[in-house]
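To start, the structure itself, in structure tokens.
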Amino acid sequence: MITIDTPYLPPPRFIWPNGAKCAFMLCFDVDGETTALSEDPALASRMTTMSQCEYGPDVGVPRLLGLLDHLNLPATFFVPSYIAEQHPRMMAAIVARGHEVGAHGHLHEKLAHLTPEEEKAILIKSTGILEDITGKKPVGFRAPWFEINPGTPDLLAEHGFLYNASLMGDDVPYTHPSGLIEIPGQWMLEDWEQFAFNAEPAWGVTPENCEKVFDLWWREFEAMHDFGCCFVLTLHPWLSGRPSRVRLLEELLTKARAKGHVWFARGHEIAEYVRDHPEARREVNFDHPSFTP
Ligand SMILES: [Zn+2]
């Protein structure tokens, strides 16, 4: 076994506020019933599959909100507007606690399957519904399935969005030519790959042990803390609202906070900071021996 005595520590990629070494953006994608309905509307009659999806808004979100209250930490909830309409009490509970609500389609539509006109119409419709329900126009967007079209960043900027959280080309935020901020994520920091399972339609493989998932996420967090990155964790309440996984999240958040110098922030706070401090980002520089400026 190789022992690393002195871990490699490059200069940080990003200068975070108040001496923080990394940012921690906790996201909940509250897909609820649209998990099934966006795949096939006929699944509406599949009671067990639908009930598993409904567990998210009905049981998972309240439990997760309780954990956030307990830890006094903020989160960003990306909600398809159909789900926001179906679960008004859930939305009120999220908003009352000051968490951010971001756009996530209406029925969790796959953007790649839409024409530019359809994509624009759904963006306008879903944004309007969220604004009516929360009293605030969303400024953040997470594409359903994380997949956007080439025209999506410009479309979001034209409609007043401050940031997108869908691409994966970096591990610190960057700015699109339109001025839209990108807060990139990655599949490793997603719970679907770890926990999803449904018999038919077949979703996921085998629900993983929480210890394995904690190890996966904690190792990435610790390294991102050292490298000055933006740790973007994306969870689905129908998966991560199950009891043992709420415990997993409690352990992860508690340990991350205890490490110190972590900025727990909503997406809009990160995007506003990036917009107002363009000098904070350190571009990769192949001409420099350490690949930083
Ligand atoms: Zn989603």
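We number each residue from 1, following the sequence as shown. Numbering of ligands and ligand atoms starts at 1, following listing order.
Both cation-pi conditions hold for Lys137 and Phe161: the charged atom is under 6.0 angstrom from the six-membered ring centre and inside a 45 degree cone around its axis.
Inside a sphere of radius 2.8 Å centred on the Zn ion (ligand 1), the protein N/O/S atoms present are Asp31 OD1, Asp31 OD2, His104 NE2, His108 NE2.
Cluster partners of Trp145: none. The rule joins Ile, Leu, Val, Met, Phe, Trp and Tyr whenever side-chain heavy atoms lie under 4.5 Å apart, and it links nothing here.
Arg281 has a carboxylate O that lies under 4.0 Å from a charged side-chain N of Asp170, or vice versa, which qualifies the two as a salt bridge. Salt bridge annotation for Glu222-Lys259: present, with a cationic side-chain nitrogen under 4.0 angstrom from a carboxylate oxygen.
Considering only residues two or more places apart in sequence or on other chains, Lys125 meets the salt bridge (Lys or Arg N to Asp or Glu O under 4.0 Å) condition with none of them. Looking at residues two or more places apart in sequence or on another chain, you find a salt bridge (Lys or Arg N to Asp or Glu O under 4.0 Å) between Asp69 and Arg97.
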